[in-house]
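The structure appears right after this line, and notes come after that.
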Amino acid sequence: MSRLPSIRHPVSFFDVFTVTAVSIVVVAAVLTVWHGTFVRTEMAVFTVFVFGWVAWAINRILEESVHSSQRDRRRNWRR
């Protein structure tokens, strides 16, 4: 069963990849239609924002993985 990517709570590579791919398509479409310095500046700011979100999302996914791994270790140790 497929699901929509989560922007607020990314949990997998699927979320990061989908948001990145959609943002690339949006930037390409906007730059194809409009040709202005202001539009290019807006798209550059949008791209920087997306890269910042990607860095945050990857960091969040890795932190969740570490916490999950530590919980599993503690749970297995108690057995």
Side-chain angles (χ1 to χ4, degrees):
M1 179 175 193
S2 63
R3 63 178 181 83
L4 292 174
S6 176
I7 295 175
R8 289 185 180 180
H9 304 289
V11 293
S12 69
F13 172 75
F14 168 77
D15 296 329
V16 177
F17 178 77
T18 305
V19 170
T20 304
V22 168
S23 68
I24 290 170
V25 169
V26 167
V27 168
V30 167
L31 291 176
T32 300
V33 175
W34 291 291
H35 305 285
T37 304
F38 184 70
V39 172
R40 290 180 187 195
T41 304
E42 285 180 337
M43 291 299 102
V45 169
F46 177 71
T47 302
V48 168
F49 177 74
V50 169
F51 279 121
W53 180 85
V54 166
W56 170 81
I58 290 171
N59 187 38
R60 186 177 192 283
I61 291 168
L62 291 175
E63 284 179 355
E64 286 292 323
S65 175
V66 167
H67 291 304
S68 174
S69 175
Q70 289 173 348
R71 276 181 287 188
D72 289 345
R73 273 194 217 137
R74 276 187 251 136
R75 201 175 296 145
N76 289 337
W77 183 76
R78 290 178 185 165
R79 288 182 181 180

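Nearest heavy-atom pair across Arg71 and Glu64 is NH2-O, 4.4 Å.
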Please tabulate, for the side chains in residues 15-31, all donor-acceptor contacts under 3.5 angstrom to protein atoms that are two or more places apart in sequence or on a different chain.
residue: Asp15; atom: OD1; partner: Arg3; partner atom: NH1; Å: 2.9
residue: Asp15; atom: OD1; partner: Arg3; partner atom: NH2; Å: 3.2
residue: Asp15; atom: OD1; partner: Ser6; partner atom: N; Å: 3.2
residue: Asp15; atom: OD2; partner: Arg3; partner atom: NH2; Å: 3.3
residue: Asp15; atom: OD2; partner: Val11; partner atom: N; Å: 2.8
residue: Asp15; atom: OD2; partner: Ser12; partner atom: N; Å: 3.4
residue: Thr18; atom: OG1; partner: Phe14; partner atom: O; Å: 2.7
residue: Thr20; atom: OG1; partner: Val16; partner atom: O; Å: 2.8
residue: Ser23; atom: OG; partner: Val19; partner atom: O; Å: 3.3
residue: Ser23; atom: OG; partner: Thr20; partner atom: O; Å: 2.7

Sequence neighbours left out, cut at 3.5 Å: what donor-acceptor pairs do the side chains of residues 44-59 make with other protein atoms?
residue: Thr47; atom: OG1; partner: Met43; partner atom: O; Å: 2.8
residue: Trp53; atom: NE1; partner: Ile7; partner atom: O; Å: 3.1

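Environment of CG in Leu62: crowded, with over 12 heavy atoms of neighbouring residues, nucleotides or ligands closer than 6.0 Å.
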